[in-house]
Structures are given as C-alpha cells and as structure tokens.
Amino acid sequence: MRMFLKGKTALVTGSTSGIGLAIARALAGKGANVVLNGFGDPDEIERTRAALEQAGGQALYSAADLTKSEAIEAMMAEAAEEFGGVDILVNNAGTQHVAPVDEFPPEKWDLIIALNLSAVFHTTRLALPHMKAKGWGRVINTASAHSLVASPNKAPYVASKHGVAGFTKAAALETAQAGVTVNCISPGYVWTSLVENQIPDTMKARGLTREQVMNDVLLAAQPTKKFVTVDQVAALALFLCRDEASAITGANLSMDGGWTAA
Ligand code: NAD
C-alpha cells in the first residue's frame with residue numbers, strides 16, 4: 001500500500017492552506033500527482049508545490065478563482081492536458097461570513113454559495129466523464145458539521161454545506177455502478193490558522209482568556225473538547241481512496257468529536 005496512488009491524479013481545491021493542504025500532502029505522500037489550488041503568497045505556494053513533487057508524483061498549481069465557472073473550466077482543462085484527467089477530486093475550498101440573516105450582505109451570500117456549493121457542482125460535472133470512462137474515481141467533499149446541524153448567524157454557510165451533503169448523495173447514486181464513489185467528510189472545529197486567528201479578537205471582545213475562548217466558545221458544541229486536526233481529516237480522505245473503501249458512497253462522514261451526536 002506504500003505508493004498506492006502512483007499514476008493517479010488528485011485535484012484538491014483550496015489546498016494552499018489548512019485542511020486542503022494536509023489532504024494534498026497525504027495524497028502526494030502515496031504517489032499521486034497533485035493539482036494544488038487556492039490563494040496565497042506565490043513563493044510559499046511554489047515551495048509547497050516543489051515539496052509535493054519530492055514525495056513522488058508531479059505537482060501543478062492553479063490559481064483559479066473558484067467563484068467563476070470559466071476559471072474552473074480552465075483549471076480542469078489544464079489538469080486534463082497535463083495529466084489526462086482527474087481521478088481524485090477533493091472539493092475543499094470554502095469560505096465563511098458571520099451575520100444574522102436580515103443583516104447578511106447579499107454579495108456575501110452570493111460568494112459563499114458560489115465557492116462552497118456551485119464550485120462543487122462545476123468541478124464534479126467536469127471530472128466525472130474521465131472517472132466514468134476509466135471505471136474508477138473518487139470525489140471527496142469537505143462539508144462540515146454544519147451540513148447536518150445549524151448555528152445562528154451562519155445561514156449561507158449552513159445552507160451551502162447542507163447543499164453539499166445533498167449533492168453528494170445525488171452524485172453518488174448516479175455513479176454507483178461506475179466504480180466512482182462520492183462522499184463528504186464533515187469536520188467539527190478543525191485546528192487551522194483560520195480558527196487560531198479568531199482567538200485574540202474574541203478574547204478582547206468578550207473579556208475572556210485564551211482557554212475560555214477555546215473551551216467555552218469554539219469548542220462549546222464539541223463534546224471531546226478537542227479540536228479535530230487537519231491530519232485526521234487527511235487520513236480519512238486517504239482511506240476513501242483505497243479499494244477497501246469502494247463500498248462507501250453517498251456517505252456523510254462526521255469527524256466532529258461527537259458534536260452532531262448531541
Ligand atoms: P482555510 O482558509 O485554511 O482554507 C481555505 C482554502 O480555500 C485556502 O486554500 C484558500 O486560498 C482557498 N480559497 C478561498 N477562496 C477561494 C476561491 N475563491 N477560489 C479558490 N480557492 C479559494 O480553511 P480550512 O479551515 O482549511 O477550510 C477548508 C474547508 O473545510 C472549507 O470548505 C471549510 O468550510 C471546511 N471546514 C473547516 C472547518 C474548520 O474548523 N476549520 C470545519 C468544518 C469544515
């Protein structure tokens with residue numbers, strides 16, 4: 001099983017940081033060619049890309065802004081030209097904005113739905129023909145505990161992630177006999193720089209200590225009182241690529257420290 005993804009190509013959206021980067025590293029570590037995507041410092045991205053190539057496969061970077069369907073089409077065409085097609089599609093890019101519904105900026109709604117939900121449709125519709133033709137494929141969507149439950153002030157995010165869970169089920173039924181599996185992973189709070197950066201502001205705004213923000217605010221709904229790690233999410237994504245996981249399709253796999261069990 002050491003390099004079991006040798007010869008396969010994985011496209012991981014939003015892989016310049018956080019969960020996506022950990023998934024890209026895990027897949028490259030098993031020999032896959034990787035298409036990186038996301039925003040960030042060009043030098044840092046180039047270092048990441050080069051480091052992935054050290055792992056065995058080839059690595060390509062696409063700066064596509066996934067809120068634009070033409071950019072997605074260009075990214076998928078580039079991946080097809082370079083590698084012949086995408087065998088493993090990880091739809092991971094996502095964004096958040098927090099406000100009550102009646103104060104939510106409409107342009108933020110459009111952005112969240114475009115990136116978190118519509119981009120998943122566009123990449124998947126463009127990746128499936130190659131997967132079906134090969135009789136093998138994996139689509140792995142990073143959803144969220146918010147694909148199953150809601151929190152106030154996150155209506156567009158919750159709507160988008162519930163949408164991803166529904167899309168996952170429908171696409172899984174359509175591809176069930178084609179050797180293609182379609183699943184989503186639904187993490188609770190994952191320890192990423194995105195989460196870490198919220199701590200100082202919340203400490204200041206609410207007059208709390210770092211520990212209070214972590215336990216009573218961020219981890220309030222997470223029974224384990226521990227953050228999920230990016231490597232735990234990546235390990236599950238990697239497992240879904242194995243042949244042993246070929247019967248798992250249409251699933252919404254929670255990794256939330258018990259959040260949605262409550
Ligand atoms: P992150 O901010 O570290 O990563 C987001 C990635 O998306 C980055 O690479 C960023 O450059 C990219 N991105 C942003 N806008 C983009 C655009 N328009 N086009 C292309 N790429 C774009 O965040 P993360 O925590 O790693 O989140 C990754 C996914 O996990 C998201 O879908 C998020 O909703 C989901 N998630 C995160 C958590 C958490 O607690 N961190 C929990 C549940 C689900």
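Order of appearance sets the numbers: ligands from 1, and atoms from 1 within every ligand. For the single chain, residues carry numbers from 1 onward in sequence order.
- Formation of a donor-acceptor pair under 3.5 Å by the Glu174 side chain with backbone atoms of Ala171 is not found in this model.
- Distance alone, capped at 3.5 Å, places no donor-acceptor pair between the Thr67 side chain and the Leu111 backbone.
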Stepwise side-chain contact (heavy atoms from CB on, under 4.5 Å) test for Arg206 and Gln212: CA-CA 10 Å; Arg206 303 204 192 182; Gln212 284 170 325; over 6 Å; no

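- If you chain together ILVMFWY residues whose side-chain heavy atoms come under 4.5 Å of each other, Leu115 ends up grouped with Leu11, Val35, Leu60, Leu66, Ile72, Met75, Met76, Phe83, Val86, Leu89, Leu126, Leu128, Met131, Val139, Val180, Val182.
- Thr13 and Asn91 share no donor-acceptor pair across their side chains, judged by distance under 3.5 Å alone.
- Side chains of Ser186 and Ser147: a donor-acceptor N/O pair is present below 3.5 angstrom, by distance only.
- Protein neighbours of ligand 1 below 4.0 Å, counting non-hydrogen atoms: Gly14, Ser15, Thr16, Ser17, Gly18, Ile19, Asn37, Gly38, Phe39, Ala64, Asp65, Leu66, Thr67, Asn92, Ala93, Gly94, Leu115, Thr142, Ala143, Ser144, Tyr157, Lys161, Pro187, Gly188, Tyr189, Val190, Thr192, Leu194, Val195.
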